[in-house]
Protein chains: 2
Amino acid sequence: MVQFVHPSRDDITLEGVLAALSDPMRLRIVKSMLSQQGCMSCTEAAPCPDMAKSTLSNHFRILREAGLIHTEKKGVEHRNVIRQDDIEARFPGLLKTILGFCDEPRQGKA
Amino acid sequence: MVQFVHPSRDDITLEGVLAALSDPMRLRIVKSMLSQQGCMSCTEAAPCPDMAKSTLSNHFRILREAGLIHTEKKGVEHRNVIRQDDIEARFPGLLKTILGFCDEPRQGKA
DNA sequence: TCGTTAGTTCAAAAATAACGAACTATTGAA
DNA sequence: TTCAATAGTTCGTTATTTTTGAACTAACGA
């Protein structure tokens, strides 16, 4: 039985959030979850199709333990939601600021 | 003769900046440089005194190559300045947002 | 010139991340 | 109920990144 570890709002740290977002793949995951604004399964939010399941699972665990997403089991899949309110309460504007730049599709040289 | 690699303003990438700032030590370095608002030698900006010189040097190289700091040789030491204008031009508000939260000394459980 | 200081480079050790294989849990169909 | 399929996790190994100490360079001062 899988137990998900979710930090409480106050246990969300800046370094944890930054570390979680410093990975291009995780940045994309969060970005797609933000634009979706609803639950997404791990596979739905996968940043690229050819990523190993275990790697993807690990990325979600890191995002989860950093407090960026909330995961709960729903049937055969896991529903992930971005913890936008908690992060906003903890670090107002941070997510919007970071992901806002991420929205520019490409910047100069690819 | 040491040649420093500094990306031009437009070559500064979000992921590079986030990756550079995702390390607690580098975050502290940048933080102290921001509060100082002037040149700092590597040793002056060292986040902890017991860090190996090579590690410190490596952190500065990462910050430099991410475009966060500018380094130039001045006598026996290296003067590092934060490239605040370039980062602001590239990602307005990012640095202030991120480092602003970093200013809270400690948050809940240490 | 010699010693000291500040920082870099290199190669090896330590820590992290990615992967494939095996596993668990749920669903749906026979 | 049993069997196959699906969605993720966990584990152990490999690959990549970080940290470190040792040796080096460059600038300064006595």
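As a basis for the values below, the full set of heavy atoms in this structure was taken, side chains included, without hydrogen atoms, waters or symmetry mates. Note on naming: letters A, B, ... go to the chains in the order of the sequence lines (proteins, then strands), and numbering restarts at 1 for each one. If you're wondering where the values come from, they're calculated on a predicted model, not measured in any experiment.
Rounding to whole angstrom units, CE of residue A/Met25 and C1' of C/dC19 are separated by 14 Å. What separates CZ of B/Phe60 from P of C/dT9 is a distance of 15 Å, to the nearest Å. Protein atom NZ of A/Lys74 is 16 Å distant from nucleotide atom C1' of D/dG8, rounded to whole Å. Counting to the nearest Å, the P atom of D/dT9 and the CG atom of A/Leu56 are 8 Å from each other. For the pair A/Asp50 CG and C/dA18 P, the interatomic distance rounds to 13 Å; values are reported in whole Å. Computed from coordinates, the B/Phe4 CZ to C/dG7 P distance equals 9 Å when rounded to whole Å. Straight-line distance from the CG atom of B/Leu63 to the P atom of C/dG7: 14 Å, rounded to whole Å. Atom C1' of nucleotide C/dT16 and atom CZ of A/Arg26 are separated by 11 Å, given to the nearest angstrom.
Minimum atom distance to the side chain of A/Lys73 is reached by C/dT26, of the listed C/dT26, C/dT8, D/dT9. Distance from the side chain of A/Met51 is smallest to C/dC19 among D/dT20, D/dA26, C/dC19. Closest contact between the side chain of A/Ser41 and the listed nucleotides C/dA25, D/dG8, C/dA18 involves D/dG8. The side chain of A/His59 sits closest to C/dA18 out of C/dA18, D/dG8, D/dA26. Relative to the side chain of A/Lys53, the nucleotides C/dG7, D/dT9, C/dT5 differ in distance, and D/dT9 lies closest. Looking at the side chain of A/Asp23, the nearest of the listed nucleotides C/dA18, D/dG21, D/dA26 is C/dA18.
One finds no side-chain N or O of A/Arg61 lying less than 4.0 angstrom from the OP1 or OP2 phosphate oxygen of C/dT16. When the side-chain nitrogen and oxygen atoms of B/Thr55 are compared with OP1 and OP2 of D/dT19, none of them lie within a distance under 4.0 Å. At D/dT9, one or more side-chain N or O atoms of A/His78 fall inside 4.0 Å of OP1 or OP2 (strictly under the cut-off).
With contacts defined as side-chain heavy-atom distances shorter than 4.5 Å, the pair A/Ile62/A/Asp23 does not qualify. Contact check for A/Phe60 versus A/His78: no side-chain heavy atoms found under the 4.5 Å cut-off.
Along DNA chain C, the nucleotide closest to A/Gly75 and the one closest to A/Asn58 are compared, and the more 5′ of them pairs with A/Asn58.
The distance from atom CG of A/Leu34 to atom CD1 of A/Ile87, rounded to the nearest 0.5 Å, is 8.0 Å. From B/Leu14, atom CG reaches atom OG1 of A/Thr97 across 10.5 Å, with rounding to the nearest 0.5 Å.
If you check the side chains of B/Arg83 and B/His70, you find no donor sitting under 3.5 Å from an acceptor.
The base of C/dG20 is paired with the side chain of A/Ser54 by a donor and an acceptor separated by under 3.5 Å.
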